[in-house]
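The block underneath contains the structure these notes are about, expressed in structure tokens.
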Amino acid sequence: MIEYPRLALFLGGRWAGPENRDHEPVFNPASGEVLGEVPHATDADLDEALDAASRGFETWRRVSPVERGQVLQRAAALMLERREQLATLITLELGKPIAEARAEVEQAAGIFTWNAEEGRRAYGRVIPPRTPGLLQLAMREPLGPIAAFASWNAPLITPSRKISSALAAGCSVVLKASEETPAVALALAQILQDSGLPQGVLSVVFGDPKQISERLIGADLIRGITFTGSTAIGKQLAGLAVRGAKRLTLELGGHAPVVIFGDVDPDKVAQAAVAAKYRNAGQVCTSPTRFYVHRSIHDRFVERFAELAAAIKVGDGLDPATRMGPLANPRRLAAMGQIVDDARARRVDVRAGGEPIDGKGYFYRPTLLAGVDETSLVSNVEPFGPIAATSPFDSIDDAVRLCNRLPIGLASYVMTNDSRNAGVMTEAIAAGNVIVNHWQASLPETPFGGIRDSGMGLEGGIEGLQAFQTVKYVSQSTIPSY
Ligand code: NAD
């Protein structure tokens with residue numbers, strides 16, 4: 001068992017502890033116990049981080065992409081070397097089962113590796129001139145210092161996506177990680193320091209989110225903002241970014257539909273769906289939630305799904321037998337209660353779970369609400385927790401309408417053996433991604449992002465790197481005309 005570390009701010013390479021600063025407790029969601037105290041950055045701390053980002057950018061932008069890649073590769077290797085330490089911190093702070101936490105470390109290392117390599121392929125273009133003697137170039141350059149805001153639900157992957165693509169592009173970063181999962185973010189900062197990242201290039205801060213976002217986004221030198229979190233906060237930050245004419249990437253809420261056609265085996269799909277739904281206790285922006293199931297197999301799907309959901313072993317994520325951990329915080333417990341109360345008031349069939357688990361920690365039972373209608377709260381608000389809902393559908397037009405009726409569009413899933421169904425759905429669903437016959441919505445090398453209220457811009461793939469680059473056009477005449 002590792003020891004929970006003393007928490008600090010990481011100001012361009014300097015560690016600053018909670019002494020003489022406001023601080024707040026960090027809780028273990030499996031027990032409700034206090035793990036440590038996370039310091040709140042003062043305005044002076046934020047200015048120190050911004051100064052560091054300014055100096056760090058001037059250094060880092062001049063480092064060759066090959067050398068930047070070497071630092072990121074070392075970081076990926078250290079992440080794997082420290083897998084147990086990182087995974088344990090993830091489970092302690094967030095609650096997810098240790099096997100899922102280990103997988104998160106491996107995925108995060110994979111993201112670093114991808115960006116380490118992709119930074120070297122930041123190709124520009126040579127544009128054929130209209131007249132002889134002209135050389136016309138579109139060159140990719142680093143955007144500038146970045147303010148990054150990461151949520152708690154993927155405490156290693158989300159900062160890794162933002163930091164590794166910004167660093168690969170040659171940018172410096174000030175990260176505000178979640179106050180609920182600070183040790184994971186700090187362990188990543190330590191890894192980058194140990195990997196040879198120059199002083200100043202990265203800072204990690206915590207504190208009052210509003211104060212931090214206003215000061216960082218309002219600083220002239222910050223050129224790009226990347227945020228993962230709720231739609232409401234994302235829109236607030238968008239306002240600040242637009243006022244400063246700054247580049248923005250927003251990764252916001254989802255409420256993923258899953259369309260299950262009558263030509264599939266409902267038992268097999270239910271088994272895979274339960275595994276996908278209750279991963280990280282459903283606290284995933286791509287979590288499958290609105291199950292639209294063809295009427296011919298709806299009841300069988302519900303029966304099997306409910307059996308399997310009820311059999312999930314819920315407990316402390318550090319216990320290797322646990323299949324689902326606690327929710328991350330009491331806000332999520334309250335949100336689950338509200339959704340289920342609304343369903344009960346409408347006489348919805350609560351087929352599994354539907355209640356918290358008595359005792360210590362923020363535990364809630366894996367829940368299935370069967371046969372919900374469009375007015376139910378669960379049909380309209382992303383649960384971001386262990387609640388799935390089903391509704392039967394009759395026609396493909398009906399399924400398309402149900403998928404697209406909310407103003408969000410992040411992940412979506414289609415299960416069918418009929419290529420016509422797959423073709424119609426992939427074209428018709430308004431979402432950032434459509435996943436057919438499996439559940440893997442993102443990989444380091446694939447673009448990921450939402451449309452409408454689910455956000456703007458992309459992370460991952462070549463697009464993730466381009467989010468932190470700007471294009472400079474150069475036109476050079478070999479026949480001077482002056
Ligand atoms: P929240 O909106 O209070 O916070 C989300 C994140 O934004 C947190 O990390 C928080 O510290 C940060 N934040 C809050 N105010 C901020 C500000 N003014 N400036 C900068 N950062 C700020 O939500 P929550 O209670 O943590 O989660 C609730 C909802 O958020 C969920 O229901 C889900 O829809 C959404 N969410 C989405 C994702 C995602 O991956 N897209 C991740 C986490 C939460």
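Hydrogens, waters and symmetry mates play no part in the numbers below; they use all other heavy atoms, side chains included. In listed order, ligands and their atoms are each counted from 1.
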Next item on the list: Considering heavy atoms of the protein only, find what lies nearest to atom 19 (N) of ligand 1 and give residue, atom and distance to 0.1 Å.
Entry: S213 OG, 2.9 Å
Note to self: Quick one about S442 and R161 (side-chain donor to acceptor, distance below 3.5 Å, no hydrogens or angles considered), yes or no?
What the structure shows: yes
Next item on the list: State, without any angle test, whether Q190 and D194 hold a side-chain donor-acceptor pair at a distance under 3.5 Å.
Entry: yes
Checklist line | Shortest non-hydrogen separation from L72 to S164 and the atoms involved | finding: CD1-O, 3.7 Å
Note to self: Suppose I only count heavy atoms of R332 and a 4.0 Å limit; which atoms of ligand 1 are within that range?
What the structure shows: 28 (C), 32 (O)
Mind listing the side-chain donor-acceptor pairs of residues 145-158 below 3.5 Å, one per line with the distance, residues two or more places apart or on another chain?
| from | atom 1 | to | atom 2 | distance (Å) |
| --- | --- | --- | --- | --- |
| S151 | OG | N153 | OD1 | 2.7 |
| N153 | ND2 | Q283 | O | 3.2 |
| T158 | OG1 | A154 | O | 3.2 |

Next item on the list: Please name all residues satisfying ring pair (Phe, Tyr, Trp, His ring centres under 6.0 Å) with F301, sequence neighbours left out, ordered by chain then number.
Entry: F291, F305
Next item on the list: Check the side chains of R346 and T375 for a donor-acceptor pair under 3.5 angstrom, ignoring hydrogens and angles.
Entry: yes
Next item on the list: Please determine if L252 has a nitrogen or oxygen closer than 3.5 Å to a nitrogen or oxygen of ligand 1.
Entry: yes
Margin query: Using a strict threshold of under 4.0 Å (side-chain N to carboxylate O), is an ion pair present between E374 and R401?
Written below: yes
Note to self: Among all the protein's non-hydrogen atoms, which is closest to atom 11 (O) of ligand 1, and how far away is it?
What the structure shows: K176 NZ, 3.3 Å
Notebook entry, point to check: Strictly under 4.0 Å, does any heavy atom of E180 approach an atom of ligand 1?
Noted result: no
Check: Looking only at N/O atoms, are E382 and ligand 1 under 3.5 Å apart anywhere?
Finding: yes
Item checked: Donor + acceptor pair across side chains of D45, T42 (<3.5 Å) -> yes
Checklist line | Distance filter under 4.0 Å to E251 heavy atoms, resulting ligand 1 atoms | finding: 41 (N)
Next item on the list: Give the numbers and elements of all ligand 1 atoms closer than 4.0 Å to a heavy atom of A150.
Entry: 9 (O)
Next item on the list: May I ask you to list the atoms of ligand 1 that are less than 4.0 angstrom from any heavy atom of C285?
Entry: 39 (C), 40 (O), 41 (N)
Next item on the list: Tell me which protein heavy atom sits closest to atom 38 (C) of ligand 1, plus the residue, atom name and distance to 0.1 Å.
Entry: F384 CZ, 3.6 Å
Checklist line | Distance from atom 15 (N) of ligand 1 to nearest protein heavy atom, with residue and atom | finding: I233 CD1, 3.4 Å
Next item on the list: Considering only non-hydrogen protein atoms, determine which one is nearest to atom 25 (O) of ligand 1 and report residue, atom name and distance to 0.1 Å.
Entry: R331 NE, 2.8 Å
Check: Would R102 and E106 pass as an ion pair if we require N to O under 4.0 Å?
Finding: no
Notebook entry, point to check: Does some non-hydrogen atom of A335 fall short of 4.0 Å from ligand 1?
Noted result: no
Check: Judging by distance only, is a nitrogen or oxygen of P209 under 3.5 angstrom from one on ligand 1?
Finding: yes
Check: When you check the gap from the basic side-chain N to the acidic O, do R331 and E180 get nearer than 4.0 Å?
Finding: yes
Item checked: Identity and distance of the protein heavy atom lying nearest atom 27 (O) of ligand 1 -> W152 CZ2, 3.9 Å
Notebook entry, point to check: Quick one: nearest non-hydrogen protein atom to atom 2 (O) of ligand 1, plus distance?
Noted result: S230 OG, 2.5 Å
Next item on the list: Check each of V350, V340, T289 against I387 using the side chain to side chain contact (heavy atoms under 4.5 Å, CB included) test, and report the only one that passes.
Entry: V340
Check: Who's the nearest protein heavy-atom neighbour of atom 12 (C) of ligand 1, and how far?
Finding: F227 CE1, 4.3 Å
Check: Just which atoms of ligand 1 are under 4.0 Å from any heavy atom in S151?
Finding: 9 (O), 42 (C), 43 (C)
